[in-house]
Peer 1: 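Please see the structure below; I have some questions.
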Protein chains: 4
Amino acid sequence: MAYRQTNKVMEKLQSKKKEILTAAREVFAENSYQRTSIKAIAQKAKIATGTFYLYFRNKDALINMIVEEMFYELLESIRNERANFSDGFDKLQASMETCIKLFIKEKNMAKILLVQVPGVNNAFNAKLIDIENELIKLTKEDLDELKSQGRIPNEDTFVSALAFVGSFRQVIINWLREGKPEDLEVSVATLMKYNLRGMGKRDVS
Amino acid sequence: MAYRQTNKVMEKLQSKKKEILTAAREVFAENSYQRTSIKAIAQKAKIATGTFYLYFRNKDALINMIVEEMFYELLESIRNERANFSDGFDKLQASMETCIKLFIKEKNMAKILLVQVPGVNNAFNAKLIDIENELIKLTKEDLDELKSQGRIPNEDTFVSALAFVGSFRQVIINWLREGKPEDLEVSVATLMKYNLRGMGKRDVS
Amino acid sequence: MAYRQTNKVMEKLQSKKKEILTAAREVFAENSYQRTSIKAIAQKAKIATGTFYLYFRNKDALINMIVEEMFYELLESIRNERANFSDGFDKLQASMETCIKLFIKEKNMAKILLVQVPGVNNAFNAKLIDIENELIKLTKEDLDELKSQGRIPNEDTFVSALAFVGSFRQVIINWLREGKPEDLEVSVATLMKYNLRGMGKRDVS
Amino acid sequence: MAYRQTNKVMEKLQSKKKEILTAAREVFAENSYQRTSIKAIAQKAKIATGTFYLYFRNKDALINMIVEEMFYELLESIRNERANFSDGFDKLQASMETCIKLFIKEKNMAKILLVQVPGVNNAFNAKLIDIENELIKLTKEDLDELKSQGRIPNEDTFVSALAFVGSFRQVIINWLREGKPEDLEVSVATLMKYNLRGMGKRDVS
DNA sequence: CATGAATGAGGCTTCATTCAT
DNA sequence: TATGAATGAAGCCTCATTCAT
């Protein structure tokens with residue numbers, strides 16, 4: 001009895017926390033971290049400012065959790081999608097396509113991860129860097145596999161991995177900031193070819 | 001006796017302004033714009049807070065000048081170096097090599113331009129974006145030239161330009177943040193090859 | 001439990017605002033606008049500096065409200081009292097007597113309106129001038145009526161109105177500053193006779 | 001030799017001090033005391049800010065001296081002019097006409113005495129009040145004389161003196177602030193009649 | 001004497017966080 | 001738990017005054 005009660009309370013608490021997180025994402029996507037006030041988030045979440053502190057120790061804890069959530073969402077999606085493929089090139093392609101699709105679907109997420117939060121605070125940067133590093137690591141693993149299979153030249157796969165991730169990052173940022181390229185999906189195909197050639201894949205159309 | 005309004009005095013004033021700019025660059029390289037206080041800059045420059053305002057109208061004017069200086073330093077260097085070459089591929093290579101060399105020489109500049117990018121909604125960031133866009137534009141021009149010469153495939157050069165710039169950006173950022181790749185100059189050569197292949201240049205070693 | 005958004009809460013807020021206004025009036029009565037700091041007002045009102053900004057957008061908004069309140073209090077009292085009379089001379093007398101009575105009752109108000117007038121270039125002063133002008137306008141209307149009735153000579157009623165208001169102003173100011181004349185009410189009677197004669201009323205005792 | 005040298009130096013110093021005072025008057029007439037910076041005065045006087053402090057202990061000392069100068073100029077003019085008359089009414093008229101003429105000639109003086117400085121600071125107010133009180137005292141003396149001669153009714157001459165001065169003050173202030181009455185000299189004649197009647201003079205036209 | 005750069009206290013305002021209800 | 005008023009530290013900027021030249 002007491003147990004179920006607690007569970008229910010926990011659920012309720014969790015759901016309220018989720019609501020705040022959702023509201024916070026929206027507000028952060030518009031303004032930068034520093035320019036976003038707790039009051040604004042609370043208003044968006046339709047709670048009082050004080051209530052915010054029942055769910056988060058402070059502002060930093062909030063942004064931390066947001067980034068961690070995104071970390072999870074993004075990398076989990078990528079890992080799941082990659083699991084459907086065994087070929088290195090396919091896995092690379094799957095990684096990026098998943099990433100792009102998620103960003104298109106959740107533009108706020110892209111804005112926060114790529115535009116708003118960077119530069120705010122070394123602690124958050126560290127989290128963001130974790131995500132990026134994880135993505136780079138995955139990419140490098142694929143490249144190493146392809147290299148060991150002799151399907152790409154014997155080059156520094158770390159640099160290639162950075163180039164791969166960086167090129168996508170730039171295209172997405174530009175799309176977020178300037179709205180160009182207009183059709184991100186088409187551009188991603190071009191970009192993929194660019195990178196496959198860059199890695200040294202033979203017979204790219 | 002009165003100050004003699006000689007060159008000496010003027011130089012001293014200019015040099016003081018430079019000192020403040022240098023101090024500000026150092027502080028900005030560590031913290032973001034929003035988290036950098038005038039007080040901190042003044043302390044670094046060993047002046048009183050009020051003195052800052054003798055040299056800059058306000059905080060925004062300072063950051064504006066810093067970024068404009070960097071804009072000038074970076075793009076002027078690149079343009080100068082590019083002028084030595086007529087071949088499109090050579091110009092692309094010259095662009096990036098100059099950029100990298102400058103960043104190695106002036107690490108704070110790289111940190112400010114690439115890492116401490118603050119939230120999107122201010123003049124500071126707008127200027128930074130200008131720099132990036134200018135670099136992308138230059139790259140695209142080279143690619144368009146190469147395309148018209150039939151030396152690279154008929155693909156969206158805007159996307160290629162973004163990929164090119166983005167891949168370098170990522171490598172430099174990683175070097176700044178993690179110290180890897182350790183030997184940036186060597187990696188840049190690899191990266192260049194990656195990109196040349198990516199663009200579709202034939203016979204890249 | 002949540003605050004109940006009852007009348008009680010609202011009243012409390014309003015009363016707090018009133019308290020701040022009262023404190024501000026007291027401080028302004030001692031020092032001029034420019035020399036009055038928010039901190040001083042907050043201390044007088046026994047609140048923190050930040051609390052002030054929960055009730056007023058900024059310093060100007062406060063002074064605006066203070067003067068508008070006074071504008072309302074003073075002119076409304078005068079208009080109400082005048083409504084009891086139809087004779088021009090009676091209305092003039094009613095105007096000034098009401099004014100004097102209010103100033104005796106609310107000495108701070110008199111001090112702010114008459115003594116702490118700050119430099120000309122701000123909104124505060126503009127409002128104060130509005131009050132004075134309104135009073136002059138009312139006086140002029142009475143004089144015009146009397147003139148059209150042939151009860152005072154055919155002279156420039158604007159000048160007379162200024163003289164009328166100015167003479168009262170001077171007496172009150174002197175009373176505020178020097179405590180003389182000691183018995184303001186008696187002096188006001190004398191002053192009234194002075195002005196009635198000045199206007200050209202016949203048979204003033 | 002040394003003596004003459006010193007004298008010369010003193011003269012020069014005095015003349016520079018005068019220049020600063022003149023500049024300060026101009027600046028104060030435009031902006032209020034608080035909004036007038038030493039830098040602005042120095043610029044108007046074509047000296048360096050530091051130089052200001054060679055001639056005045058501080059900003060307060062400057063305004064003090066300005067007001068004292070005006071005190072002297074105004075009251076001395078009035079006293080001189082009054083010396084030409086022996087009749088009480090003539091002396092009253094001479095007082096005010098001199099005052100008005102001086103204010104018309106030196107509008108800055110009027111602005112400073114009547115509009116800018118009041119309310120700034122109790123210390124300056126005190127000086128201003130001295131001037132006003134002196135004027136009131138002179139007026140009262142005339143009225144007392146007239147009363148003892150039986151030429152005006154047996155009323156409180158202090159109140160009459162206040163009314164007299166206050167009515168002029170109001171007209172001048174209105175002229176400074178609003179530009180009305182347009183022709184001050186004509187209005188002053190009307191005003192004089194108003195006051196003569198007010199005092200109880202017989203046979204005012 | 002003159003200069004004007006330098007100083008730093010102090011003013012206004014914002015906002016993360018606390019706390020009485 | 002929920003509320004939102006209250007707090008006060010901290011930031012930006014101004015300006016009277018000082019001081020090295």
Side-chain angles (χ1 to χ4, degrees), chain A residues 9 12-13 16 34-43 46-62, chain B residues 1-6 8-9 12-13 16-17 34-42 45-62, chain C residues 1-6 8-9 12-13 16-17 34-42 45-62, chain D residues 9 12-13 16 34-43 46-62:
Chain A
V9 167
K12 205 172 170 189
L13 198 149
K16 176 80 79 159
Q34 301 275 358
R35 295 171 61 97
T36 300
S37 67
I38 296 298
K39 203 178 170 186
I41 292 168
Q43 272 171 355
K46 284 169 188 158
I47 56 168
T49 42
T51 308
F52 171 87
Y53 288 87
L54 296 177
Y55 295 92
F56 296 92
R57 196 163 19 82
N58 54 29
K59 200 181 173 186
D60 278 8
L62 166 72
Chain B
M1 195 196 295
Y3 272 166
R4 261 168 282 159
Q5 266 299 9
T6 53
K8 211 170 156 191
V9 171
K12 211 169 177 181
L13 286 183
K16 172 82 76 159
K17 192 164 186 174
Q34 301 268 10
R35 291 174 65 91
T36 299
S37 68
I38 297 298
K39 202 176 170 188
I41 293 169
K46 283 171 189 156
I47 56 171
T49 349
T51 308
F52 171 85
Y53 290 90
L54 295 178
Y55 295 91
F56 298 92
R57 197 160 24 78
N58 54 31
K59 199 181 173 188
D60 274 8
L62 166 73
Chain C
M1 194 198 293
Y3 272 168
R4 260 168 282 158
Q5 268 299 10
T6 53
K8 209 171 157 192
V9 171
K12 211 169 178 183
L13 286 182
K16 173 82 77 160
K17 193 166 186 173
Q34 301 270 6
R35 291 174 65 92
T36 299
S37 68
I38 297 299
K39 202 177 169 189
I41 293 170
K46 283 174 189 155
I47 56 171
T49 351
T51 307
F52 171 85
Y53 290 89
L54 294 178
Y55 295 91
F56 298 92
R57 197 161 24 78
N58 55 29
K59 198 182 172 185
D60 274 7
L62 166 72
Chain D
V9 167
K12 207 172 169 187
L13 197 148
K16 175 82 77 160
Q34 301 274 359
R35 294 171 63 95
T36 299
S37 67
I38 296 298
K39 204 178 171 187
I41 292 168
Q43 273 170 354
K46 283 172 188 158
I47 56 167
T49 42
T51 308
F52 172 87
Y53 287 88
L54 296 176
Y55 295 92
F56 296 92
R57 197 164 19 82
N58 55 29
K59 199 182 173 185
D60 278 8
L62 167 72

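Note that this is a predicted model, so its numbers are computed, not measured. Any value given below was found using the heavy atoms of this structure, including those in side chains, with hydrogens, waters and symmetry copies removed. The chains referred to below are lettered A, B, ... by the order of the sequence lines, with proteins before strands, and numbering in each begins at 1.
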Peer 1: In residues 36-43 of chain A, what donor-acceptor pairs under 3.5 Å come from side-chain atoms, sequence neighbours left out?
Peer 2:
| residue | atom | partner | partner atom | Å |
| --- | --- | --- | --- | --- |
| A/Thr36 | OG1 | A/Ser32 | O | 2.7 |
| A/Ser37 | OG | A/Ala40 | N | 3.1 |

Peer 1: Check DNA chain E for consecutive Watson-Crick or G-U pairs with both distances under 3.5 Å and list the runs of at least three as stems.
Peer 2: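 DNA chain E stems, ordered by first number: E:2-21 with F:2-21.
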Peer 1: Ignoring backbone atoms, establish whether D/Tyr55 has a side-chain N or O less than 4.0 Å from OP1 or OP2 of E/dA2.
Peer 2: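 Yes, such a contact exists.
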Peer 1: Identify which nucleotide among F/dT17, E/dA5, E/dT18 has an atom closest to any side-chain atom of A/Tyr53, counting heavy atoms from C-beta outward.
Peer 2: E/dT18
Peer 1: Would you list the protein and nucleotides 8-10 of chain E atom pairs, both N or O, that sit under 3.5 Å from each other?
Peer 2:
| residue | atom | partner | partner atom | Å |
| --- | --- | --- | --- | --- |
| E/dG8 | N7 | B/Gly50 | N | 3.4 |

Peer 1: So which nucleotide from F/dC13, F/dA16, F/dT3 ends up closest to the side chain of B/Lys59?
Peer 2: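 It is F/dC13.
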Peer 1: Between P on E/dC12 and CZ on C/Phe56, what's the gap in Å once rounded to a whole number?
Peer 2: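 Interatomic distance, CZ of C/Phe56 to P of E/dC12: 15 Å.
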Peer 1: Of D/Phe52 and B/Leu54, whose closest DNA chain E nucleotide lies nearer the 5' terminus?
Peer 2: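 Its nearest nucleotide being more 5', the pick is D/Phe52.
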Peer 1: DNA chain E: C/Thr36 or B/Ile47, which has the more 5' nearest nucleotide?
Peer 2: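 Final value for this comparison: B/Ile47.
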Peer 1: May I have the distance from C/Arg35 (atom CZ) to F/dA16 (atom P), rounded to whole angstrom?
Peer 2: 12 Å
Peer 1: Find the distance A/Leu62:CG to E/dT17:P and express it as a whole number of Å.
Peer 2: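 Atom CG in A/Leu62 sits about 11 Å away from atom P in E/dT17.
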Peer 1: What is the distance from NZ of A/Lys46 to C1' of F/dG4, rounded to the nearest Å?
Peer 2: 18 Å
Peer 1: Using whole Å, report how far NZ of A/Lys39 lies from P of F/dA2.
Peer 2: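 It is 20 Å, rounded to the nearest whole Å.
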Peer 1: D/Ser37 has a side chain; which of F/dA16, E/dC12, E/dA6 sits nearest to it?
Peer 2: F/dA16
Peer 1: Taking for each residue the nucleotide of DNA chain F with the nearest heavy atom, is it D/Ile38 or C/Lys16 whose nucleotide lies nearer the 5' end?
Peer 2: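 By nearest-heavy-atom nucleotide position, the 5'-most residue is C/Lys16.
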Peer 1: With sequence neighbours left out, write down each residue that passes ring pair (Phe, Tyr, Trp, His ring centres under 6.0 Å) with A/Tyr53, or none if nothing qualifies.
Peer 2: none
Peer 1: Sequence neighbours left out, what passes ring pair (Phe, Tyr, Trp, His ring centres under 6.0 Å) with C/Tyr55? Give chain and number order.
Peer 2: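 For C/Tyr55, no residue satisfies ring pair (Phe, Tyr, Trp, His ring centres under 6.0 Å) once neighbours in sequence are set aside.
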Peer 1: Could you state the atom-to-atom distance from CG of B/Asn58 to P of E/dC12 in whole Å?
Peer 2: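 For the pair B/Asn58 CG and E/dC12 P, the rounded distance is 20 Å.
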Peer 1: Residues two or more places apart in sequence or in another chain: which of them pass side-chain contact (heavy atoms from CB on, under 4.5 Å) with A/Ala48?
Peer 2: A/Thr51
Peer 1: Could you work out, with side-chain contact (heavy atoms from CB on, under 4.5 Å) as the rule, every residue matching B/Ala61, not counting sequence neighbours?
Peer 2: B/Arg57, B/Asn58
Peer 1: B/Arg57 CZ to F/dC15 C1': how many Å, rounded?
Peer 2: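 Between C1' of F/dC15 and CZ of B/Arg57: 18 Å.
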Peer 1: For B/Gln34 and E/dA16, what is the distance between atoms CD and P respectively, to the nearest whole Å?
Peer 2: 11 Å
